[in-house]
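Values reported hereafter were calculated over all heavy atoms of this structure, with side chains retained and with hydrogens, waters and symmetry mates removed. Below, read A as the first sequence line, B as the second, and so on, with proteins coming before strands; counting in each chain starts at 1.
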Amino acid sequence: MTGRERIEARIHHQPVDHLPFMPITMMFAADLAGVRYRDYAADHRVLAQAQLQTAERFGFDYVSVISDPAREASDLGGMVEWYDHQPPAIVESAALLSEKSALASLRLPAMEAPGRMRDRIEGVGALARAVGSEKIVEGWVEGPCALAADLRGVNTLMLDFYDDEAFVTELFEFVVAMEIAFAAEQVKAGATLIGVGDAAASLVGPKFYSRFVLPFEQKLVAGIQALGVPVRLHICGNTRKILGGMGTTGAEVVDLDFLSPLGEGRAAMGPEQVLLGNIDPVRALRDGTPASVEAAVASCHAEAGTHYIVGAGCEVTRGTPHENVEAMRRYAREHN
Amino acid sequence: MADLRTLHDAILEGNAKQAAALTQEALAEGLAPLDIIQQAMVPAMDEVGRRFECEEYFVPELLLSARAMKAALEPVRPLLVASGIQPAGRVVIGTVKGDLHDIGKNLVAALLEGGGFEVIDLGADVPAQKFVEAVQSSGAGIVALSALLTVTMPSMKSTIEALDHAGVRSRVKVIVGGAPVTQQFADQIGADGYSENATAAVALARRLSQPA
């Protein structure tokens, strides 16, 4: 099977020759290619080359354009700090929506115009041309809570949940419309799956997750699926109290961070949900040995059961020994 | 008669307006500022920390209570200074150079302040020299360093080295935390303590503030 066939078969609950392998790599990939992260995040040609090299070297079943959470905020006019060797970051003290009234004048960016979103779309195109039908090409968008936090400032958004429900709803409406449009451009460019990263959703607790975040995640997932591609949902952090809700977003693949045991995910989401993850990227993957990494992945597999894809809990961190990533691949190749 | 239990509950429920009003009322009735802090504010924020740790409270609730506590503390703070009452300890806190993530640091700062510490919050992306200057000017006994990224963790080491070069390292206890930080890393860089979460950071600060 090709990597793409393997992932698609897993998503559709069909037999696979072995476990699909889909770890997130960003700085690890840039380092492998010997490029500055600044260039990886700024230039889709650099990103695509590094992704292809990493996927080839470690036998990944996919390539991805994920790089940093600041692309959308940047094109909307948000202030972003750039670094040579780490991802660009949004400057919260100068948040675009520090004044709520600014939301009314916010417009969807023109995605055909030069910008960071355009660069991602072109990155998808470059990867799609390079891998053909061999691998999944993963596009990437921010989830409603994550992008709302990027635009409003995460600390302020957390208080908005109590202070101004109407504003939060209006902001989430804007964000979801924007991300569906962004996903559509990436699908047109050749994305065969869209990843949704909704990091801030792990902070809000079950009450606000189910009242505000989940309905918009469901809307975003449905909007992407209407474009004809499946969705991978990844929420960084501890999601143990919202696992049940995450299982109802409709995402074909739920990718859990290491703080949320896959066994709990399985219990909360039922036997059919495809789960991805989730060994601790630092303590288990970076600081472990090939033998301990294989054991950790085996433990994840046992907890997740059949409908499982191998990956780390979050990004494979810079400095992870190559033999440890190879150990993950070895486990994936030897099991199904 | 001012009701400290109601003030405690107002902070716990994150009602800033009510918390400020009840504190004013208590002060007007002649209650000692330190009693208001020790009998209402500290226990309320301890309870917030407990609820956060056992996942009854989440980040919105914690920040809401922290805002109420700050509102309540506002009229009390000048009275404390005027009467020469010392805080439980003085902490300089910040997210290290190169790292703009501050939510975890803010949670720790809020609980430290709620625990009776004076907190000098330097914000995010803080250069080592700024920590040094803050220690020199404030006389803080604890420096709390936060990092969310593996790539910014080395800034924790360089901050400790800067404190050392400035000759103030022996005056302060350095505590570190953040998602990728481990006890092993804390030991490697010569930190005095590591905590896995915000409530444990307050307990650690209390322990390190005790006279040897």
Side-chain angles (χ1 to χ4, degrees), chain A residues 26-28 31 37 69-70 79-81 83-94 149 153-163 168 199-209 212 236-238 240-242 257-259 280-283 286-287 313-320, chain B residues 13-17 51-68 70-71 94-110 121-126 147-155 178-185 188 194 196-198:
Chain A
M26 297 188 283
M27 284 184 280
F28 180 85
D31 287 356
Y37 201 76
M79 187 184 289
V80 172
E81 183 82 33
Y83 302 94
D84 281 345
H85 300 296
Q86 67 189 61
I90 293 150
V91 181
E92 188 175 352
S93 57
V154 63
N155 293 277
T156 315
L157 180 70
M158 293 298 123
L159 292 171
D160 287 338
F161 283 115
Y162 275 103
D163 292 343
V168 175
S202 63
L203 305 177
V204 304
K207 180 174 69 178
F208 289 125
Y209 181 76
F212 286 107
C236 298
N238 180 351
R240 295 171 79 169
K241 294 282 184 182
I242 59 169
D257 203 340
F258 77 96
L259 293 162
D280 184 334
V282 175
R283 294 160 187 85
R286 189 194 67 184
D287 298 343
C314 205
E315 176 191 9
V316 175
T317 61
R318 165 172 286 158
T320 298
Chain B
E13 287 156 18
N15 188 334
K17 207 169 160 186
R51 292 185 183 188
F52 185 68
E53 192 168 3
C54 62
E55 298 187 298
E56 289 171 32
Y57 270 19
F58 295 87
V59 175
E61 290 78 22
L62 200 158
L63 293 178
L64 205 67
S65 287
R67 185 170 68 178
K70 271 181 194 295
T95 308
V96 294
K97 179 71 187 157
D99 202 323
L100 285 169
H101 300 88
D102 70 353
I103 189 95
K105 181 268 295 172
N106 289 348
L107 302 182
V108 173
D121 187 347
L122 302 180
D125 192 17
V126 181
L148 186 77
L149 305 172
T150 53
V151 287
T152 56
M153 285 164 62
S155 294
V181 180
T182 61
Q183 179 68 57
Q184 188 190 5
F185 176 76
Q188 275 169 11
Y194 155 77
E196 200 171 75
N197 56 54

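To the nearest 0.5 angstrom, B:Ile103 atom CD1 is 6.0 Å from A:Leu203 atom CG. Here A:Asn155 contributes atom CG and B:Leu107 contributes atom CG; the two are 8.0 Å apart, rounded to the nearest 0.5 Å. How far CG of B:Asn15 is from OH of A:Tyr162: 12.0 Å, rounded to the nearest 0.5 Å. Interatomic distance, CE of A:Met27 versus OG1 of B:Thr150, reported as 5.0 Å (0.5 Å rounding).
Nearest heavy atom pair, residue B:Pro60 against residue A:Met158, reads CB-O, 3.4 Å.
Heavy atoms closer than 4.5 Å to chain A are found nowhere in B:Ala124, neither backbone nor side chain. For A:Leu157, no part sits under 4.5 Å from any heavy atom of chain B, backbone or side chain. Looking at A:Asp160, there are no atoms closer than 4.5 Å to chain B (heavy atoms on both sides), in backbone or side chain. Of the two parts of A:Pro281, neither the backbone nor the side chain holds a non-hydrogen atom closer than 4.5 Å to a non-hydrogen atom of chain B. For B:Glu61, the parts lying near chain A are the backbone and the side chain together; criterion is any non-hydrogen pair under 4.5 Å. For A:Phe208, the part lying under 4.5 angstrom from a heavy atom of chain B is the side chain only.
In this structure B:Glu55 satisfies the side chain to side chain contact (heavy atoms under 4.5 Å, CB included) test together with A:Asn238, A:Lys241, B:Phe58, sequence neighbours excluded. Considering only residues two or more places apart in sequence or on other chains, B:Ser155 meets the side-chain hydrogen bond (donor to acceptor under 3.5 Å, both in side chains) condition with none of them.
In this structure, A:Tyr83 and B:Leu100 have side chains that are in contact, with non-hydrogen atoms separated by less than 4.5 Å. You'll find the side chain of A:Leu159 reaches within 4.5 Å of the side chain of B:Leu64, heavy atoms only.
Crowding of B:Glu196 atom CD: a count of heavy atoms from other residues, nucleotides or ligands under 6.0 Å not exceeding 12.
With respect to chain B, the highest number of heavy-atom pairs below 4.5 Å among A:Ile90, A:Asp163, A:Val282 belongs to A:Asp163.
Of the possible polar contacts, none joining the A:Gln86 side chain to the B:Thr152 backbone as a donor-acceptor pair under 3.5 Å is found.
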